S.K.: 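Below you'll find the structure I mean.
The chain is numbered in sequence order, starting from 1. Every value quoted in this text rests on a predicted model; they were computed, and no experiment measured them.
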Amino acid sequence: MNDLTRRQAIRDTARIWRTGLDAMDQMTVTAAAHACYSPGGPSLAELEQRIKADRAARIAPARHRTAA
């Protein structure tokens with residue numbers, strides 16, 4: 001894979017990741033936890049906790065930057 005192809009693949013992957021992240025942020029915490037749940041993995045309660053913490057970590061700094 002040449003360097004240009006690799007850079008494009010990385011950009012495309014980042015765009016797809018961001019689209020999914022934005023879609024999950026539009027869901028309620030409970031709905032997002034249910035969408036992420038798989039048997040044998042973290043419980044729904046743990047997923048909800050992780051989602052809340054992730055949103056707080058990502059969204060609060062973004063609000064702070066726009067307020068400055």
S.K.: Using a strict threshold of under 4.0 Å (side-chain N to carboxylate O), is an ion pair present between Arg58 and Asp54?
M.R.: yes
S.K.: Any Lys/Arg nitrogen of Arg6 or Asp3 sitting under 4.0 Å from an Asp/Glu carboxylate oxygen of the other?
M.R.: no
S.K.: Looking only at heavy atoms, what is the nearest atom pair of Met24 and Arg55, with distance?
M.R.: O-NH2, 2.6 Å
S.K.: Closest approach of Tyr37 and Leu44, non-hydrogen atoms and distance?
M.R.: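 Closest pair (atom of Tyr37, atom of Leu44, distance): CB-CD2, 3.7 Å.
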S.K.: List for me each residue that meets side-chain contact (heavy atoms from CB on, under 4.5 Å) alongside Thr28, sequence neighbours excluded, and say none if there are none.
M.R.: Thr30, Ala31
S.K.: Considering non-hydrogen atoms only, spot the tightest contact between Val29 and Ile51 and give its length.
M.R.: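 It is O-CD1, 4.1 Å.
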S.K.: Between the side chains of Arg50 and Glu46, is the shortest nitrogen-to-carboxylate-oxygen separation below 4.0 Å, so that they form an ion pair?
M.R.: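 Yes, Glu46 and Arg50 are salt-bridged.
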S.K.: Are Asp12 and Arg15 close enough that some pair of their side-chain heavy atoms sits under 4.5 Å apart?
M.R.: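 Asp12 vs Arg15: side chains touch.
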S.K.: Nearest heavy-atom pair of Asn2 and Leu4: which atoms, and what distance?
M.R.: OD1-N, 3.1 Å
S.K.: To the closest 0.5 Å, what do you measure between CG (Leu21) and CD1 (Ile16)?
M.R.: 13.5 Å
S.K.: Shortest non-hydrogen contact from Ala32 to Met27?
M.R.: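 In terms of heavy atoms, the two residues are closest at CA-SD, 3.7 Å.
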